[in-house]
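Input: a single structure, listed below in structure tokens.
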Amino acid sequence: MKLAADSAWAPLAARVFRALWIAQLVSNTGSWMQTVGAQWLLVGHGAALVTLVQTASSLPVVLLALPSGVLADRYDRRKVLLAAQFAMLAVSAVLTVLAFQGALTPALLLGLTFLLGCGTALMGPAWQAIQPELVRREQLGQAAALGAVNMNLARAVGPALGGAVVAAAGPGWVFAFNALSYLGIAAVLLVWRRPATPEPAVQGEGLLAAVQAGRRYVWHAPGVRRVLLRTVLFIPGGAALWSLLPLVASRSLGLGSGGYGLLLGVVGVGAVGGAFALPVIRRTLGANGTLAAGAAVFAATLVVLATARLPWIAAAALLPAGVAWIGVLSSLNAAVQQRLPGWVRGRGLAVYLVVFQGGQALTAPLWGLLAQVLGLSTALLAGAVLLVGGALSVRRWPLYDTDGLDPSPSDHWPVPPLVFEPGPSDGPVLVSVTYRIAPENWAAFTDCMRHMSLSRRRTGALTWGLFQDGGDPDRFVENYLVGSWSEHLAQHHSRLTASDRRFEERSRRLVKEGTAPEVTHAFDAAAGPVVPVHPQEAHGT
């Protein structure tokens with residue numbers, strides 16, 4: 001399959017990516033069919049209960065995404081994905097049986113939807129993290145856009161099909177189709193022979209420590225933090241559309257389940273059309289302009305939905321909303337993918353999914369409650385106000401440029417020269433680096449070391465400091481504390497990136513000619529003195 005390298009569809013030339021994309025399309029279609037069936041079953045039980053379907057689907061991501069990210073970084077991602085598929089198949093089968101027996105109460109429906117969300121939470125980080133294994137790094141943006149196209153193609157077909165099936169035969173059949181749809185992804189994963197590229201893990205690292213390592217990386221990665229901020233500024237307002245659209249269809253427009261499915265289908269059609277326009281939009285507006293324009297279009301859509309009473313007017317407003325949705329989602333997803341190195345990719349993406357899905361899970365019931373207390377139109381207009389604020393904030397808090405960013409691994413640190421062999425859990429370890437810097441380079445050196453501080457903390461340092469000798473001002477000492485010896489070895493062998501190496505090289509170009517940084521490793525003496533493997537080496541003999 002030949003496609004131009006810069007084509008929006010270029011990643012589909014990769015065989016495994018293409019097979020998974022098709023299987024995912026079938027699975028997403030089933031998920032949207034089930035969503036329509038679940039929401040329509042609850043329409044008569046109040047606005048707040050309808051919006052809880054979205055909460056039940058999204059809340060598990062908030063609770064489980066970080067542990068799932070650890071699993072994606074420490075174990076074979078293919079096996080993690082297979083486990084998630086079979087778990088969701090089992091839950092969907094139970095849901096189907098209960099629906100056909102007429103025993104599906106609101107509590108059972110929401111509980112089983114929550115369990116399906118747990119499967120999605122387990123799958124999410126691993127699914128995102130394998131993308132760089134399936135396509136080239138320069139195609140990650142196109143792959144992210146194709147992921148959004150996939151979801152929205154399913155949105156174009158699934159809701160309309162689901163609404164028709166519910167109206168004609170009942171909700172049991174949409175649940176049955178969703179259960180069978182998981183088999184396609186499982187089949188592709190079973191056939192795929194993933195290259196033997198295990199992500200290095202810190203020896204003896206527990207779940208909590210691994211989660212902390214992921215959190216520490218994200219907190220000290222300004223580019224990733226900015227992506228998360230842009231997500232926070234878009235999702236709450238954007239969630240108002242998905243949470244309240246069933247109520248708009250039934251109350252404002254007087255439509256049945258089929259009409260609601262068609263409205264969701266219009267959003268999907270807009271998103272698919274937007275995929276063709278996305279390369280032009282990005283070239284014209286850039287990533288930040290795409291985010292601002294997407295939020296503004298979504299806000300305008302909510303205003304129309306708040307005031308429209310004719311289905312065709314609502315549908316006309318939802319078409320550009322689909323374009324905006326794919327533009328925002330693909331921009332955010334590609335931005336976070338491009339900024340994460342392999343060793344922490346699963347955990348970093350898990351944090352992104354927590355923010356993205358958590359924003360929807362936490363705000364969905366609030367929109368339902370607001371609609372119930374103040375009215376549907378007021379809730380929609382409130383969402384529009386949030387989105388306008390988010391659009392205006394892009395100038396103040398834009399995504400950072402990725403020019404020069406290279407998250408590929410760089411194994412450039414030499415083996416530490418020690419006279420004894422620490423155990424993996426020995427620590428903490430105090431690493432000290434001494435530099436000789438001429439006075440004319442002091443300011444440039446301290447400025448460069450600010451970047452070094454973030455690099456050390458991202459890769460494992462618990463504390464960091466730079467000190468200038470009061471008796472010898474040309475002497476600077478960098479100290480940072482790492483939790484264990486195995487954690488520090490991970491810095492040496494798997495966590496540093498090409499960008500980290502550039503920062504180090506920049507700082508080392510500023511040292512005095514004829515000198516080189518001196519590195520020492522000190523261990524906690526309160527636990528007792530160390531015993532050298534070769535005692536004579538300890539005395540320099």
Query raised in the report: Can you name the one residue among V211, D73, L71 that meets side chain to side chain contact (heavy atoms under 4.5 Å, CB included) with R347?
Result: D73
Requested in this report: Determine, stepwise, if the pair Y352 / V218 fulfils side chain to side chain contact (heavy atoms under 4.5 Å, CB included).
Outcome: CA-CA 10 Å; Y352 167 71; V218 170; over 6 Å; no
Report task. With the side chain counted from C-beta on, respond yes when R77 and P125 share a heavy-atom pair under 4.5 Å apart, and no when they do not. Result -> no
Query - L291 side, atom CG; T231 side, atom OG1 - distance, nearest 0.5 Å - result: 8.5 Å
Query - Heavy-atom closest contact (G294 atom, V328 atom, distance) - result: CA-CG2, 3.8 Å
Report task. Check V227 against A335 and note the closest heavy-atom contact, atom names and distance. Result -> CG2-CB, 3.7 Å
Query raised in the report: S68 side chain to A121 main-chain N or O, any donor-acceptor pair under 3.5 Å?
Result: yes
Query raised in the report: If every non-hydrogen atom of S27 is compared with every non-hydrogen atom of I185, which pair is closest and at what distance?
Result: CB-CD1, 3.8 Å
**Report entry** Modelled atom types, side-chain donor and acceptor of D500 and T497, under 3.5 Å
**Finding:** yes
Query - Nearest non-hydrogen partners of L253 and A314, listed with the distance - result: CD1-CB, 3.7 Å
Report task. Compare all side-chain heavy atoms of L380 with those of L241 and state whether any distance is below 4.5 angstrom. Result -> no
Query raised in the report: Hey, does L95 have a side-chain heavy atom less than 4.5 Å from the side chain of L109?
Result: yes
Query - For T120, all residues meeting side-chain hydrogen bond (donor to acceptor under 3.5 Å, both in side chains), sequence neighbours excluded - result: none
Query raised in the report: CE of M88 to CE of M123: how many Å apart, nearest 0.5 Å?
Result: 5.5 Å
Query raised in the report: What pair of heavy atoms forms the shortest contact from G69 to A350, and how long is it?
Result: CA-CB, 3.9 Å
Report task. Looking only at non-hydrogen atoms, find the nearest pair between P320 and A316 and report the distance. Result -> CD-O, 3.0 Å
Query - Sequence-distant partners of W173, ring pair (Phe, Tyr, Trp, His ring centres under 6.0 Å), two or more places apart - result: F100
**Report entry** L116 and Y182: CA distance, side-chain angles, deciding distance, side chain to side chain contact (heavy atoms under 4.5 Å, CB included) verdict
**Finding:** CA-CA 12 Å; L116 283 175; Y182 295 116; 3.8 Å; yes
Query raised in the report: Who pairs with R230 by salt bridge (charged side-chain N to carboxylate O under 4.0 Å, His left out), at least two apart in sequence or on another chain?
Result: none
Report task. Please confirm whether the backbone N or O of A498 pairs with a side-chain atom of D406, one donor and one acceptor, at under 3.5 Å? Result -> no
Report task. Apply side chain to side chain contact (heavy atoms under 4.5 Å, CB included) to the pair L349 and Q337, showing each step before the final yes or no. Result -> CA-CA 8 Å; L349 286 165; Q337 287 267 15; 4.2 Å; yes
Query - Donor-acceptor contact present, side-chain H492 to main-chain A490, <3.5 Å - result: no
Query raised in the report: Going by the angle between their ring planes, with limits at 30° and 60°, are F298 and W325 parallel, tilted or perpendicular?
Result: parallel
**Report entry** Any residue meeting salt bridge (charged side-chain N to carboxylate O under 4.0 Å, His left out) with R501, in chain and number order, not counting sequence neighbours
**Finding:** E505
Report summary line: CD1 (I281) and OG1 (T290) are apart, to the nearest 0.5 Å, by 6.5 Å
Query raised in the report: Quick one: does L134's side chain get under 4.5 Å of W192's, heavy atoms only?
Result: yes
Query raised in the report: Under a 4.5 Å cut-off applied to non-hydrogen side-chain atoms, are N28 and Q24 in contact?
Result: yes
Query raised in the report: Below 4.5 Å, heavy atoms only, C-beta onward: do L122 and L64 meet side chain to side chain?
Result: no
Query raised in the report: Quick check, are the ring centers of W242 and W367 under 6.0 angstrom apart?
Result: no
Query raised in the report: Checking S486 side chain against S425 main chain: does a donor-acceptor pair fall under 3.5 Å?
Result: no
Query raised in the report: Which pairs with one or both residues in residues 210-224 pass salt bridge (charged side-chain N to carboxylate O under 4.0 Å, His left out), sequence neighbours excluded?
Result: R216-E487
**Report entry** V351 and its side chain to side chain contact (heavy atoms under 4.5 Å, CB included) partner, picked from V224, L340, L228
**Finding:** L228
Requested in this report: Using side-chain hydrogen bond (donor to acceptor under 3.5 Å, both in side chains) as the criterion, point out the one residue from T29, T113, N178 that pairs with Q34.
Outcome: N178
Query raised in the report: What pairs with T96 under side-chain hydrogen bond (donor to acceptor under 3.5 Å, both in side chains), at least two apart in sequence or on another chain?
Result: none
**Report entry** N333 vs L329 side-chain heavy atoms within contact, under 4.5 Å
**Finding:** no
Query raised in the report: Backbone N or O of L12 within a donor-acceptor pair of the R18 side chain at under 3.5 Å?
Result: yes
Query raised in the report: Measuring from R345:CZ to Y217:OH, what's the distance to the nearest 0.5 Å?
Result: 10.5 Å
Report task. Report the distance from atom CG of L489 to atom CZ of R495, rounding to the nearest 0.5 Å. Result -> 10.5 Å
**Report entry** Distance, nearest 0.5 Å, that separates CG of L82 from CG of L189
**Finding:** 4.5 Å
Requested in this report: Decide yes or no for L305 and L318: does some side-chain heavy atom of the first lie under 4.5 Å from some side-chain heavy atom of the second?
Outcome: yes
Report task. Begin with the C-alpha distance, continue with both residues' side-chain angles, and end with the deciding distance and a verdict on side chain to side chain contact (heavy atoms under 4.5 Å, CB included) for I235 and V355. Result -> CA-CA 9 Å; I235 287 301; V355 174; over 6 Å; no
